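Everything numeric in this text was worked out from a predicted model, so none of it was measured. Naming: A, B, ... by sequence-line order, numbering from 1 per chain.
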Number of protein chains: 2
Amino acid sequence: MEQAISFTEENYLKTIYSLARQDKGKIANLSIAEKLHINPATVTEMLKKLNEKNLIDYNRIDGAALTPQGEALALKVIRKHRLWETFLVNRLSFTWDEVHEIAEQLEHIQSDKLIRQLDKLLGFPKFDPHGDPIPDKNGQLPQSQTFPLVSVEEPGTMVKLVGVANHTTAFLQYLDKIKLSLNDKIEVKEIHEFDHSMGIRIANRTAIMISSEVARNLLVSNQ
Amino acid sequence: MEQAISFTEENYLKTIYSLARQDKGKIANLSIAEKLHINPATVTEMLKKLNEKNLIDYNRIDGAALTPQGEALALKVIRKHRLWETFLVNRLSFTWDEVHEIAEQLEHIQSDKLIRQLDKLLGFPKFDPHGDPIPDKNGQLPQSQTFPLVSVEEPGTMVKLVGVANHTTAFLQYLDKIKLSLNDKIEVKEIHEFDHSMGIRIANRTAIMISSEVARNLLVSNQ
DNA sequence: TTTAAGTTCCAGGCAAACCTAATGATCATT
DNA sequence: AATGATCATTAGGTTTGCCTGGAACTTAAA
Ligand SMILES: [Mn+2]
Ligand SMILES: [Mn+2]
Ligand SMILES: [Mn+2]
Ligand SMILES: [Mn+2]
């Protein structure tokens, strides 16, 4: 019984998935409502419906949690989103701050062959233009141990930028302005106790200052 | 006042456009209903709404006709549909019988830059994989004087296949089976008075027989 | 010209996805 | 333990896009 799933339902599943990844605790209806810019009352109705369809387990006490089928669907939508973002940047000359909105539309296109062929065209990429991991066709996420730059304690540490935790146009354009791109080497020169701002050197260029807020949103890996 | 347009509305406009191209007379509500597989009563409601939005002129006597804005929108959707079909065939190894359904979804994606860049990636194609003309960014259709093969009267006439009037999987796969592709040269060898079936030679290969029904759906040009 | 067939329209309904306002439940403080 | 504050749910509505059934037109045939 192949039950149809709507754009709206897919967006709920994706939201629940990402809230579960970051918050680790109970998923509040209110946080779903805020993320989707809708009313909490609407969320309650939809969660009941998704529960009925066995895509989530839901009750007032424990909140919402994806079932295996729900998680598989969420990962499929995320896979499509990130593959399309990669396509837009790598093949259609989009910049990384322009692609999210369009991918929000493209992620709902239904065609298994389309995803498969797109993946192949792009050379089976493991990460999207923001450094986010792309689930493979079985929903498996590539491993990568990243941490926010702000957590670096030792001046002199060398790291590599592998992702961003903030996808807003404002932040991405700021990174463009300071000429910081994915895979750039970053050397932490100094850490100011006072506001935890940092002096960093990008790709051996002149050192610059960044706020702790910026450092919090830069995901890096060792080496 | 940039009023939003829904998928459904776009599909009505596209349908009205294509009915206007082929029928030349009044567009019956019933024919819209049949093409979209919906109830005639629903069509009446939507036509009133589109009239209200100034996308069509509509009244009971004259039926529906696109306004300039309505036609521009219809052409934009058609442009997207045909560009996406071209992308799927030329870049993602789809066959020409597989692409229509997916393009029905992709044609509704909203992003001017996306269309522009896709067009560029594909080398500004003038015709899609079925030989249908692709409107340019100003809604201008490339000219081509085509006629159905069935209208050829003289045996010995040489023509070139430039399009198909029937897009069903069954027909397209039949063409694949007889190894007839777009741009192939076709020589009409014989025309049977009785049922108007034809003996034709494709690309100088062995001659074969085709029914008048097939010949009616092959769009050709001279030379 | 009357009848029949075809087409369009109206009235009334339904489901999906949203809303507001008000009520219930839970949690944190005092 | 009482009191607010916060969060979730219920009840009642709206809009969009669809439906059915029947009435009203229009067109063509008898
Ligand atoms: Mn994104
Ligand atoms: Mn991304
Ligand atoms: Mn098509
Ligand atoms: Mn086509």
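In this structure, NZ of B:Lys48 is placed 15 Å from P of D:dT16, rounded to the nearest angstrom. Following rounding to the nearest Å, A:Glu10 (CD) and C:dA16 (C1') show an atom-to-atom distance of 15 Å. B:Met46 has its CE atom 17 Å from the C1' atom of C:dT8, to the nearest Å. Atom OH of A:Tyr12 and atom P of C:dA17 are 9 Å apart (whole Å). Counting to the nearest Å, the P atom of C:dA16 and the CD1 atom of A:Ile5 are 13 Å from each other. When the P atom of D:dC18 is taken as reference, atom CG of B:Leu47 falls 12 Å away, rounded to whole Å. When the C1' atom of C:dT8 is taken as reference, atom CD of B:Glu34 falls 14 Å away, rounded to whole Å. Remark: C1' of D:dA5 and CG of A:Leu30 are 13 Å apart, rounded to the nearest angstrom.
Picking from C:dA16, D:dA8, C:dT7 the nucleotide with the shortest atom distance to the side chain of A:Lys49 gives C:dA16. For B:Thr8, counting side-chain heavy atoms from C-beta on, the closest listed nucleotide (D:dC18, C:dA17, D:dT9) is D:dC18.
Listed pair A:Ser6 / C:dA17 meets the phosphate criterion, a side-chain N or O lying under 4.0 Å from OP1 or OP2. Between C:dT8 and B:Tyr58, no contact under 4.0 Å exists linking OP1 or OP2 to a side-chain N or O. Contact annotation: A:Thr44 does not reach the phosphate of D:dT10 (side-chain N/O to OP1 or OP2, under 4.0 Å).
Looking at A:Asp176 and A:Trp96, their side chains do bring a donor and an acceptor atom within 3.5 Å of each other.
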I need a per-nucleotide contact map over nucleotides 19-26 of chain D, read 5' to 3'. Cutoff is protein heavy atoms under 4.0 Å; write B for the base, S for backbone only, - otherwise. BBB---S-

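For the pair B:Lys48 and B:Tyr58, the NZ or CZ position fails the cation-pi test of under 6.0 Å to the six-membered ring centre and within 45 degrees of the ring normal.
A salt bridge does not link B:Glu52 with B:Lys49: none of the charged nitrogens is closer than 4.0 Å to a carboxylate oxygen.
Contacts of B:Phe147 classified as ring pair (Phe, Tyr, Trp, His ring centres under 6.0 Å), with partners at least two apart in sequence or in another chain: none.
No side-chain donor-acceptor contact under 3.5 Å links A:Glu71 to the backbone of A:Pro68.
Aromatic ring orientation, B:His108 versus B:Phe7: parallel (interplanar angle below 30°, classes split at 30° and 60°).
Residue B:Phe7 is out of contact with every strand shown, counting any heavy-atom pair closer than 4.0 Å.
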Please step through ring pair (Phe, Tyr, Trp, His ring centres under 6.0 Å) for the pair A:His130 and A:His100, ending with a clear verdict. CA-CA 10 Å; A:His130 310 105; A:His100 183 78; 7.4 Å; no

